[in-house]
Amino acid sequence: MAQPLFQAPPGTRDLMPPVTDRMRAMVAIFADEATKAGFGQVTPPMFEDVGVFVRIGESTDVVNKELYTFEDKGGRTIALRPEQTASLCRVFVQRRPLTPWKAWYFGANFRYEQAQKGRYRQFDQVGAEVIGSSDPDIDTEIIALAWRFYERIGLTNVTLLLNSLGDAADRGRYTNALRTHFTEHRGSLTEQSRETLDRNPLRVMDSKRQPDQAIIDAAPLLGDFLSDDARTAFDRVQAGLTALAIPFEIAPRLVRGLDYYNRTTFEFVAPGLDAAQNAVGGGGRYDGLVANLGGPDEPGIGFALGIDRTLLACDAEDAMQGPDTTAQVWVVVTAEGIEGLEVADRLRRAGIRADRTESGRSMKAQMKAANKSGAAVAVVIGPDEVRDEQAGIKPLRGQGDQTTVDNQQIVQAVQEFL
RNA sequence: GUGGCCGUAGCUCAGUUGGUUAGAGCGCCAGGUUGUGAUCCUGGAUGUCGGGGGUUCGAAUCCCCUCGGUCACCCCA
């Protein structure tokens with residue numbers, strides 16, 4: 001049937017091996033890097049009071065049109081999280097851990113969007129946040145965490161784009177300058193950009209539409225609007241990255257889509273990823289968001305990395321292959337008893353990946369399955385072996401004849417082939 | 001939300017200007033080898049041709065609607 005009765009909802013996928021194996025390994029590497037850097041894992045619920053996410057900014061698409069919301073049986077308005085930074089800020093406000101608080105996370109996010117390559121309605125991210133410090137060296141440290149992660153998974157074709165949005169006041173002055181500039185050229189802008197201009201002039205900078213490019217190129221640059229403080233901090237971050245030998249590219253027009261960002265913002269782009277969506281990670285400082293959520297006026301910075309997209313980027317350069325999950329040994333049993341179960345269990349307890357064919361199949365069928373599994377060796381047990389309390393040990397690759405060992409020697413005999 | 005392309009077996013796909021019981025390869029199952037895989041040979045099973053409606057003597061093929069996939073816009077990881 002080409003279209004079964006039920007399918008995964010649009011924009012969602014069923015992740016299966018080997019993708020699941022690679023993702024698991026990737027998350028384990030991130031966990032290791034984050035732990036080494038002093039971050040603790042935090043797992044907030046996948047849904048929150050919708051208000052938590054509304055604080056991200058009402059002019060962002062993520063909240064004004066992509067939010068999955070529903071009313072629960074208690075009459076609360078709940079939203080599936082579209083990202084986790086706001087959730088982590090809520091955790092901070094509710095739990096009040098000591099500052100600076102360093103937390104990392106992993107999990108699914110949900111956005112109601114039209115799916116395309118690298119973009120799904122449910123997608124996994126790993127991320128890290130530091131709340132309670134405005135030290136620009138923390139900015140560097142957070143960027144370094146992401147960078148070292150990419151290095152560890154073997155992804156080499158990644159570009160770090162860096163910018164500073166300045167403080168709220170700088171941003172306000174800059175936004176006004178942009179509004180003036182774009183309004184002057186309003187007639188030449190695409191219709192979509194004109195709409196964006198009315199909502200949020202900053203975001204017009206993000207347009208990839210050809211007719212807009214000339215006007216965007218002529219627009220004032222954020223760098224000219226930075227306060228001395230913001231400028232000094234930005235310089236310090238650049239010095240830090242240089243000291244850590246982390247290459248970066250200043251992207252004066254990098255304007256990230258979430259309203260809460262200020263000062264340091266960055267994005268990781270994978271040019272090898274053959275898709276329109278080639279930003280594999282991004283983040284920035286969000287001083288003010290915690291206060292917005294009803295907490296103390298603590299600054300914060302963090303990033304999120306898309307697991308799906310990162311994996312796609314890895315595909316482009318054959319990186320992050322994931323663990324070997326093929327069976328090492330196949331247990332072939334044609335006797336009536338339960339020897340197959342027993343031997344497989346014994347091998348597994350010895351740490352060996354051992355599998356078997358369902359009982360009752362012919363020896364030929366079982367050997368075929370053994371061969372196809374990729375196992376290096378088969379343990380063969382028929383009525384004769386059961387009677388003699390022995391087992392046949394048959395190499396499945398290369399040459400070598402089948403040998404016979406005592407039942408108690410099976411694990412040891414198999415190990416010689418691994 | 002908008003647009004392009006695409007829906008035929010488990011998978012990849014063929015199917016002429018509409019014309020008999022809709023095909024191939026791979027995979028799967030069985031046998032050749034009554035206790036031994038890979039190669040080889042033989043045989044076998046599986047399709048509401050995504051769904052609904054229409055045109056027609058006749059529709060996988062043409063028309064309409066609908067569902068789904070994919071890529072792109074928008075936006076973002």
Side-chain angles (χ1 to χ4, degrees), chain A residues 1-13 56 59-66 82-85 107-127 146 190-193 195-196 199-200 203-204 206-210 212 255-259 261 266-270 273-283 302-313 330 332-335 357 361-386 392-399 401-402:
Chain A
M1 220 189 288
Q3 215 176 116
L5 188 54
F6 296 111
Q7 292 184 81
T12 67
R13 299 166 302 157
I56 292 170
S59 76
T60 65
D61 283 1
V62 168
V63 316
N64 72 26
K65 58 186 230 202
E66 296 171 5
E83 56 129 41
Q84 293 180 67
T85 298
N109 303 310
F110 307 85
R111 293 181 195 172
Y112 194 88
E113 305 183 273
Q114 198 59 251
Q116 70 187 72
K117 189 166 186 178
R119 193 182 71 180
Y120 306 98
R121 289 183 178 179
Q122 177 181 334
F123 59 101
D124 289 320
Q125 285 184 333
V126 293
T190 58
E191 191 186 329
Q192 281 154 326
S193 286
E195 281 168 25
T196 308
R199 269 202 336 269
N200 187 342
R203 199 74 47 66
V204 177
D206 260 344
S207 165
K208 290 178 220 159
R209 292 171 290 271
Q210 201 42 249
D212 296 331
V255 177
R256 303 196 35 80
L258 270 27
D259 281 348
Y261 285 121
F266 52 94
E267 193 166 291
F268 299 98
V269 176
L273 210 174
D274 182 28
Q277 312 298 335
N278 67 353
V280 292
F303 64 76
L305 313 180
I307 294 291
D308 321 74
R309 284 188 195 174
T310 302
L311 212 51
L312 283 175
W330 205 265
V332 173
V333 174
T334 56
T357 312
R361 302 288 301 278
S362 71
M363 174 155 291
K364 177 171 179 172
Q366 294 191 52
M367 286 304 296
K368 268 178 101 159
N371 179 63
K372 216 183 86 182
S373 76
V377 61
V379 174
V380 182
I381 301 173
D384 295 351
E385 284 83 358
V386 170
I393 304 296
K394 168 143 184 159
L396 293 173
R397 279 179 289 196
Q399 57 280 45
D401 293 329
Q402 181 166 328

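By convention in this document, chain letters (A, B, ...) are assigned in the order of the sequence lines, proteins followed by strands, and residues within each chain are numbered from 1. The basis for the numbers below is simple: all heavy atoms, side chains too, and nothing from hydrogens, waters or symmetry mates.
Residues A/R309 and A/R119 have side chains in contact (heavy-atom distance under 4.5 Å, counting atoms from C-beta outward). Inter-residue side-chain proximity for A/I381 and A/V386 is flagged as met; some heavy-atom pair is nearer than 4.5 Å. The closest side-chain heavy-atom distance from A/I393 to A/V379 is below 4.5 Å. Counting heavy atoms from C-beta on, the side chains of A/W330 and A/T357 come closer than 4.5 Å. At least one side-chain heavy atom of A/I56 sits less than 4.5 Å from a side-chain heavy atom of A/P82. Side-chain contact between A/V204 and A/D212 is absent, with no heavy atoms from C-beta onward closer than 4.5 Å. The shortest side-chain heavy-atom distance between A/V380 and A/M363 falls under the 4.5 Å cut-off.
The base of B/rG35 does not come close enough to the side chain of A/Q402 for any donor and acceptor atom to sit less than 3.5 Å apart. One can find a donor-acceptor pair under 3.5 Å joining the base of B/rG32 and the side-chain atoms of A/K364.
For B/rA22 and B/rG15, the C1' atoms lie 8 Å apart once the distance is rounded to whole Å. The gap from the P atom of B/rC65 to that of B/rU61 amounts to 16 Å, rounded to the nearest Å. B/rG10 sits 35 Å from B/rG1 when the C1' atoms are compared, rounded to a whole Å. Across the C1' atoms, B/rA60 and B/rU42 are found 32 Å apart, a figure rounded to whole Å. Annotation: B/rG32 and B/rA24 have their C1' atoms spaced 25 Å apart (nearest Å). Nucleotides B/rA77 and B/rU16 have their P atoms positioned 48 Å apart, rounded to a whole Å. Nucleotides B/rC67 and B/rC76 have their P atoms positioned 28 Å apart, rounded to a whole Å. Rounded to whole Å, the separation between the C1' atoms of B/rG35 and B/rU12 comes to 37 Å.
The distance between atom CZ of A/F6 and atom C1' of B/rG51, rounded to the nearest whole Å, is 15 Å. B/rU36 atom P lies 10 Å from atom CE of A/M367, rounded to whole Å. Between the CD atom of A/Q7 and the P atom of B/rG7 there is a distance of 16 Å, given to the nearest Å. Whole-Å rounding puts the A/K394 NZ to B/rG37 C1' distance at 7 Å. Summarising the geometry, the separation between CD1 on A/I381 and C1' on B/rU36 is reported as 14 Å, rounded to the nearest angstrom.
Among the heavy atoms of the strands, none lies under 4.0 Å from A/N109. Contacts of A/E195 with the nucleic acid, taken as non-hydrogen atoms under 4.0 Å apart, are absent. When heavy atoms are screened at a 4.0 angstrom cut-off, A/P10 is found touching the sugar-phosphate backbone but no base atom.
An OP1 or OP2 oxygen of B/rC29 is reached within less than 4.0 angstrom by no side-chain nitrogen or oxygen of A/K368.
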- Item | Strand RNA chain B as a dot-bracket string - pairs counted if Watson-Crick or G-U with both distances under 3.5 Å, | where the partner lies in another strand | (((((((..((((.....[...)))).(((((.......))))).....(((((..]....))))))))))))....
- Task: Would you sort out whether A/Y112 and A/R121 count as a side chain to side chain contact (heavy atoms under 4.5 Å, CB included), showing the intermediate values?
- Result: CA-CA 6 Å; A/Y112 194 88; A/R121 289 183 178 179; 3.2 Å; yes
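Under a 3.5 Å cut-off, the side chain of A/Q366 and the backbone N or O of A/V333 do form a donor-acceptor pair.
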- Message: Please encode protein proximity along nucleotides 70-77 of chain B as a string of B, S and -, counting only heavy-atom distances under 4.0 Å.
- Response: -BBBBBBB
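Checked against a 6.0 Å centroid threshold, the rings of A/F266 and A/F268 count as neighbours.
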